[in-house]
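Any value given below was found using the heavy atoms of this structure, including those in side chains, with hydrogens, waters and symmetry copies removed. Chain A is the first sequence line, chain B the second, and so forth, proteins listed ahead of strands; every chain is numbered from 1.
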Number of protein chains: 2
Amino acid sequence: MALQHDSWAEAAEACGVSPSAFSQGIAALERSLGVTLFDVAGRRRTPTSAAVAAEALARRAIAAHGALDDWATATRTGAAGLVRAGMIDTAAIHHFGDHLMRYRRDHPRVDLRLSVASSAELVDNVRAGDLDLAVAVATSKDPTLEQVPLIDEPVRVYPPPGTPAERLSDPTTWGPWVSFPRSSRTRRLVGEALSTMGASFDVVAESSQPRVLREMVRLGMGWTALVVADAETEPHALEPLTPEPLIRRRLVCVRRRDRRLGPAVDGLIQLLVAAQPTP
Amino acid sequence: MALQHDSWAEAAEACGVSPSAFSQGIAALERSLGVTLFDVAGRRRTPTSAAVAAEALARRAIAAHGALDDWATATRTGAAGLVRAGMIDTAAIHHFGDHLMRYRRDHPRVDLRLSVASSAELVDNVRAGDLDLAVAVATSKDPTLEQVPLIDEPVRVYPPPGTPAERLSDPTTWGPWVSFPRSSRTRRLVGEALSTMGASFDVVAESSQPRVLREMVRLGMGWTALVVADAETEPHALEPLTPEPLIRRRLVCVRRRDRRLGPAVDGLIQLLVAAQPTP
DNA sequence: ACTGTAGTGAAGTATTGCTTCATCAAAGCT
DNA sequence: AGCTTTGATGAAGCAATACTTCACTACAGT
């Protein structure tokens, strides 16, 4: 601004333009505003009282513009933005809980919203565009979705405590079962694996919460097949039938292929793929 | 903004430009910000989550710019601005008090600052540029100042109550006097008038306040010559020697000729010159 | 009075933003 | 499927804007 410079030419230089351009610019501004900003006394230009008021308003306008610029650079670098992420409970709690905390701490200007739900719901939300990314059990091929593998989790079989040893070795005698609700991807995978082994998979109790399934097994309601992280954690950890997993459940990061995500989302995804699975 | 319009072309029309220009403009904006604002799905353009954040910031910037515009029009019409006015006490109280109140009421966005002082001080301040206008006793010709006449005030002679009748008719027996301080313009004018009449003008008591001079006369300390509005108002109004005025004091509106005043100042001046002198 | 200098106007030029026209791809229709 | 319609975009051209350089005027300081 010209208010704090003594000479017209000095102010022009501060603006980085020639004195002539500065003069023309001020004249054009006065014309467009219809307000005289400077009194002319000899070769001296004295700012009018109107000029100081105009300067305050002009500074606010410039600051508002600069705020947009700042936001743009922050968004460009991934320091700011909106990230709508979804995770299944195991991922949110066991595998990526501290990663999420760390991301939150390192990116305070990112608005990270996490929703925990079942794989099916998460993938549906990603498809609808309500979620930017989801960590879920790998789904069938879908050309509109991109799935990058994150973690392979072993799923083991857990009989109720006190099950006779002869039943343990014969899969046809396994069951009955407690498992996730019918819509669960894991339940479907487990069911398929048991069928190929010749075992029945009659589910006598359901819950979406691994904690609840674990307690049911402890109470003798039935067998279950769970991810190790869900089954063998205290309190009341279960004893696996064998160390060998029944199947391996693959957790992937799902996102829409057509949607260009912001750098903030990319940053979170990179963090997830770089994360070593917590054993 | 394009966020609330369904089609790209519709938004372009709302902006008053061709669809092509709109497309180019958005592309340029995305390029300059370095942030993708719209996802392209088929021929559909879906605003990114970044776009809604950017829109909020952009609206603020536009509003700030509009505020400057509003201020400019307000200033142009005289509805807003800064007015630094000066008046001698008589003008501020008797002649223009209610005019000032009215102006304040009608122009709430005008920052009106009134300073009451002697004519000499006021004119000095106008000369220095610290006052935009002053209502004062007419001064000697000064090419840098413009003086527009406002009011002619009669100045009458007031003897102390109980003065012998034979002294009243003979100016050479008038006096002694109480009057304004030596720097006062009115005092000088009165002194000159009395001299030409052959009367002495020995001042035995001074005050810048007409109220005080009036009381001194009532207490018999001496004669005075005052503007009617100052002398003949209750309480303790004085009795004039004759209805004919000794002199007429001319109040003028003084302003610097070289300084371009804002419309707010012009409005006040017009109000003053249009004001009928309160009798 | 002279001279240096600050501010301004005029002419020319580069950049910007717009329009029109052409092109391309996605929807919609039969 | 094939055709047509339509909406977004790129290219060329044009107008407006903002900047530069250069010349000029008038103030200021010796």
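Not counting sequence neighbours, the partners of B:Glu146 by the side-chain contact (heavy atoms from CB on, under 4.5 Å) test are B:Val148, B:Arg255, B:Arg257. Every side-chain contact (heavy atoms from CB on, under 4.5 Å) that B:Ser208 has, sequence neighbours left out, goes to B:Pro181. For B:Arg60, the side-chain contact (heavy atoms from CB on, under 4.5 Å) criterion is met by no residue, not counting sequence neighbours. Listed by chain and residue number, nothing satisfies the side-chain contact (heavy atoms from CB on, under 4.5 Å) test with B:Glu13 (two or more places apart in sequence, or in another chain). In this structure A:Glu192 satisfies the salt bridge (charged side-chain N to carboxylate O under 4.0 Å, His left out) test together with A:Arg188, sequence neighbours excluded.
Summarising the geometry, the separation between CZ on B:Phe22 and P on D:dG10 is reported as 14 Å, rounded to the nearest angstrom. Nucleotide D:dT20 holds its P atom 12 Å from the CD atom of A:Glu13, rounded to whole Å. If you take CD of B:Glu10 and C1' of D:dT6, they are 15 Å apart, rounded to a whole angstrom. Regarding B:Gln24, its CD atom lies at a distance of 15 Å from the P atom of D:dG13, rounded to whole Å.
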Give the table of side-chain donor-acceptor pairs shorter than 3.5 Å for residues 16-26 of chain B, with sequence neighbours excluded, one pair per line with atom names and distance.
residue : atom : partner : partner atom : Å
B:Ser18 : OG   : B:Ala21 : N            : 3.2
B:Ser20 : OG   : B:Gln24 : NE2          : 3.0

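Smallest separation of non-hydrogen atoms from B:Val265 and B:Leu82: CG2-O, 4.1 Å.
Sorted by first and then second residue, the salt bridge (charged side-chain N to carboxylate O under 4.0 Å, His left out) pairs with a member in residues 108-130 of chain A read A:Asp111-A:Arg113, A:Asp124-A:Arg127, A:Arg127-A:Asp142; sequence neighbours excluded. The side chain to side chain donor-acceptor pair (under 3.5 Å) contacts involving residues 61-79 of chain A comprise A:Trp71-A:Thr75, where partners must be two or more places apart or lie in separate chains. The salt bridge (charged side-chain N to carboxylate O under 4.0 Å, His left out) contacts involving residues 84-93 of chain B comprise B:Arg84-B:Asp132, where partners must be two or more places apart or lie in separate chains.
For DNA chain C, the span of nucleotides reached by chain A at under 4.0 Å from its heavy atoms goes, 5' to 3', from C:dG4 to C:dA10.
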Set out, line by line, the N/O atom pairs under 3.5 Å between protein and nucleotides 22-28 of chain D.
residue : atom : partner : partner atom : Å
D:dC27  : O2   : A:Arg43 : NH2          : 2.4

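Comparing the axis of the opening five pairs of the helix from C:dA1-D:dT30 to C:dT30-D:dA1 with that of the closing five pairs yields an angle of 30°, rounded to 10°.
Ionic pairing of A:Glu153 and A:Arg250 is not present here: no N-O contact between side-chain nitrogen and carboxylate oxygen is shorter than 4.0 angstrom.
Contacts of A:Ala21 with the nucleic acid, taken as non-hydrogen atoms under 4.0 Å apart, include base atoms.
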